[in-house]
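The residues of the chain are indexed from 1 along the displayed sequence.
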Amino acid sequence: MSWSAGYVTDVDYTYGYYSELNPSHARFVLQDAGYALPAWHTACELGFGQGISVNLHAASGNLQWYANDFNPQHAAFAQELAAASGSGAVLSDESFAEFCTRDDLPQFDFIGLHGIWSWISADNRALIVDFVRRKLRVGGVLYISYNTLPGWAAFIPLRKLFASHAERMSAPGAGIEAQVKAALDFSQQLLAVEPRALSDSRVKERLGIIAKQDPHYLAHEYFNRDWEPMYFADMAAALAPAKLAYACQASTLDQVSVLHFTPEQQALLDGISDPLFRETVRDYIQNQQFRRDYWIKGARKLAPAEQQAQWERLRVALAVPRDQIKMKLALPRGTITLTPALYDPVLDALVDGQPHTLGELARQLLGPAMQRSQLVEVIRVLVGARMLLPLPEQPPTDGQAAARLNRHLVQLARHSARIAVLASPQSGGGVPLSRFSQLFIQQYLAGEHMADGLALHVHALLLHNRERVVHEGKMMESEAAQLAHLQGLAQHFLQRELPLLQGMGVLPA
């Protein structure tokens with residue numbers, strides 16, 4: 001049997017960062033939800049892809065990380081990042097059968113797997129559950145994401161068509177990218193003749209979206225041998241042998257019911273006493289396609305007074321410059337507008353870019369114009385919408401490993417925009433940052449603190465690489481226009497982004 005076990009390996013996986021795998025993020029979400037958590041010391045990621053998340057978390061936090069991905073190309077790149085940071089992360093390229101049965105691994109406080117469960121065999125899922133049963137400490141947390149039913153029900157035939165076409169109709173020796181293109185082309189031809197099995201209008205809409213996506217992503221998402229969406233109830237049953245209790249979804253947005261349900265829908269959910277069945281019904285109402293969940297081994301809820309005291313110790317900071325925050329949220333139920341009278345005071349209190357405790361915000365803002373329940377909801381919405389960064393109660397590291405990793409990442413940005421995140425020791429994880437901002441950082445660290453100098457540096461680099469800036473879908477027509485555009489970006493970097501990056505420990509103050 002091939003070492004790939006039916007998983008696509010002949011194109012690189014994407015270079016995404018997933019904050020749900022950040023133990024600091026997990027602790028914030030769970031503590032906001034009222035759970036008591038012990039101190040954490042060790043963490044493990046299964047199926048780390050290119051290793052962006054695990055390296056950012058290992059360099060920015062104070063946990064000892066172990067992680068595994070069976071693809072040696074992924075492991076080689078991830079180990080390069082770990083060596084650059086000196087974080088001590090232990091990264092391997094074993095199969096699940098090899099890694100999950102090792103006898104030299106410690107007990108873990110946090111185990112995470114993102115984008116793995118739905119794309120591996122039943123045998124490998126069983127290995128993972130047994131690994132979690134044996135290796136997750138009491139009080140520890142599992143993060144797991146997976147394709148969910150009933151949301152995927154209408155699209156299962158389309159995915160099967162993709163895989164069957166790639167297996168049966170591809171030219172001998174055709175690479176996976178060619179297979180993806182050919183399968184998409186044929187699927188569009190089939191939809192054009194109006195097949196009854198694909199008559200749901202959502203199928204045509206999804207195919208149109210898929211056709212515009214990165215073929216590397218599509219190969220890993222749709223063209224593996226194993227691909228199994230799962231009902232929440234089946235996930236709960238699968239994890240039961242590991243003694244796990246469902247805690248909550250990994251986004252604080254999901255704790256704000258008014259954003260997702262009509263009053264009638266919420267009343268129906270409130271009338272369901274069993275929490276697992278309630279989640280299943282929730283997925284039916286929302287037609288959920290993908291879940292990101294936290295599970296706890298030995299979940300314990302705090303009393304109300306303890307929960308409030310814990311909540312007040314939580315810390316947040318602005319994730320993006322104040323002037324970039326949009327007061328509209330696009331949600332499955334439609335676009336909502338955030339109430340300025342509630343949201344502006346919170347955002348204004350954080351405009352300095354520094355971390356603040358929720359207790360500080362409460363003392364400053366609570367009164368006739370804002371009740372505690374409203375402030376709790378505002379924080380949940382802003383964190384879930386990634387406008388605020390959730391932070392650990394104390395900065396987890398001295399920042400040296402994160403600084404070394406960031407210096408390496410901004411060097412990579414000279415030739416590629418594929419990694420759009422840097423390490424933040426204040427957050428214990430990553431903060432999104434464009435390639436241009438990373439290139440400005442590279443020159444800023446070299447001593448250039450003027451906008452013109454930063455812009456000239458990036459402009460010269462792009463000319464050397466034979467690249468042009470693309471703005472609003474159009475390539476800059478002249479060098480003068482490109483330089484002027486870069487000067488504007490550099491001014492914004494110095495005036496708006498730099499204070500936040502310093503507050504997050506990405507750059508020295």
Side-chain angles (χ1 to χ4, degrees), residues 19-20 22 24-35 143 145 148 151 232 246-272 275-276 278-295 299 301-302 304 307-308 310-312 314-320 325-350 356-359 361-362 365-366 369-391:
S19 59
E20 298 88 354
N22 181 354
S24 296
H25 175 96
R27 291 185 70 90
F28 184 99
V29 173
L30 290 164
Q31 289 176 320
D32 171 69
Y35 288 97
Y143 165 70
S145 63
T148 309
F232 174 83
Y246 173 72
C248 62
Q249 294 193 53
S251 171
T252 52
L253 270 181
D254 291 302
Q255 314 303 321
V256 186
S257 298
V258 70
L259 299 179
H260 308 287
F261 305 109
T262 65
E264 295 78 13
Q265 291 169 340
Q266 188 60 53
L268 177 65
L269 291 170
D270 290 343
I272 300 173
L276 299 185
R278 188 187 310 122
E279 286 300 308
T280 295
V281 175
R282 179 185 176 118
D283 287 349
Y284 273 81
I285 292 174
Q286 295 183 294
N287 200 32
Q288 191 85 1
Q289 291 187 341
F290 194 71
R291 287 189 67 108
R292 301 171 176 87
D293 294 336
Y294 291 127
W295 300 73
K301 278 271 196 170
L302 294 172
Q307 183 175 349
Q308 178 173 318
Q310 176 173 269
W311 181 86
E312 290 187 351
L314 298 177
R315 301 189 311 148
V316 295
L318 281 183
V320 293
I325 291 179
K326 296 179 172 58
M327 299 299 284
K328 292 183 182 294
L329 283 184
L331 299 169
R333 284 186 60 200
T335 299
I336 66 165
T337 300
L338 305 180
T339 305
L342 292 176
Y343 285 84
D344 282 345
V346 176
L347 294 169
D348 291 342
L350 296 167
H356 292 264
T357 69
L358 299 188
L361 295 178
L365 300 174
L366 293 187
M370 183 180 294
Q371 303 303 307
R372 179 174 292 274
S373 61
Q374 293 174 311
L375 178 59
V376 170
E377 182 174 296
V378 167
I379 295 297
R380 287 175 174 173
V381 170
L382 293 176
V383 169
R386 305 186 189 280
M387 299 178 193
L388 297 187
L389 273 177
L391 309 176

Using only atom types and a distance under 3.5 Å, with no angle test, would you say the side chain of [X] pairs donor to acceptor with the backbone of [Y]?
X: R292; Y: A250; result: no
X: Q307; Y: K301; result: no
X: T252; Y: G384; result: yes
X: Y35; Y: A247; result: yes

Inset, instruction - May I have the step-by-step check of side chain to side chain contact (heavy atoms under 4.5 Å, CB included) for F28 and L391, ending in yes or no? - result: CA-CA 7 Å; F28 184 99; L391 309 176; over 6 Å; no

Check whether any side-chain heavy atom of [X] sits under 4.5 Å from a side-chain heavy atom of [Y], and report yes or no.
X: I379; Y: L314; result: no
X: L269; Y: I285; result: yes
X: V381; Y: L253; result: yes
X: L350; Y: L361; result: yes

Least distance between heavy atoms, [X] atom then [Y] atom:
X: Q255; Y: C248; value: NE2-CB, 3.6 Å
X: P390; Y: V316; value: CA-CG1, 4.4 Å
X: S19; Y: H25; value: O-CB, 3.3 Å
X: H356; Y: A349; value: NE2-O, 3.8 Å
X: A362; Y: R372; value: CB-NH2, 4.3 Å
X: V346; Y: M370; value: CG2-CE, 4.1 Å

N/O donor-acceptor pairs under 3.5 Å from side chains in residues 326-335, not counting sequence neighbours:
{"residue": "K328", "atom": "NZ", "partner": "T337", "partner atom": "OG1", "Å": "3.0"}
{"residue": "R333", "atom": "NH1", "partner": "V258", "partner atom": "O", "Å": "3.1"}
{"residue": "R333", "atom": "NH1", "partner": "F261", "partner atom": "O", "Å": "3.0"}

Legend entry - Test side chain to side chain contact (heavy atoms under 4.5 Å, CB included) applied to L342 and L365, V378, L375, the passing residue: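 Result: among L365, V378, L375, V378 is the only option passing the side chain to side chain contact (heavy atoms under 4.5 Å, CB included) with L342.
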
Inset, instruction - Would you mind checking if R386 and E20 are paired as a salt bridge, meaning a charged N to carboxylate O distance below 4.0 Å? - result: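 So E20 pairs with R386 through a salt bridge.
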
Inset, instruction - Run the numbers on R282 and D254 for side chain to side chain contact (heavy atoms under 4.5 Å, CB included), then give the verdict. - result: CA-CA 11 Å; R282 179 185 176 118; D254 291 302; 3.5 Å; yes

Legend entry - Partners passing ring pair (Phe, Tyr, Trp, His ring centres under 6.0 Å) against Y343 (at least two apart in sequence or in another chain):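 Y343 satisfies ring pair (Phe, Tyr, Trp, His ring centres under 6.0 Å) with no residue once adjacent residues are dropped.
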
Inset, instruction - Mind telling me whether Y246 and W295 have parallel, tilted or perpendicular rings, with 30° and 60° as the class edges? - result: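 It falls in the perpendicular class, over 60°.
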
Legend entry - Audit row: E279, D293, side chain to side chain contact (heavy atoms under 4.5 Å, CB included) steps and yes/no: CA-CA 11 Å; E279 286 300 308; D293 294 336; 5.7 Å; no

Inset, instruction - Let me see the working for T148 and Q289 under side chain to side chain contact (heavy atoms under 4.5 Å, CB included), right down to the final yes or no. - result: CA-CA 5 Å; T148 309; Q289 291 187 341; 5.8 Å; no

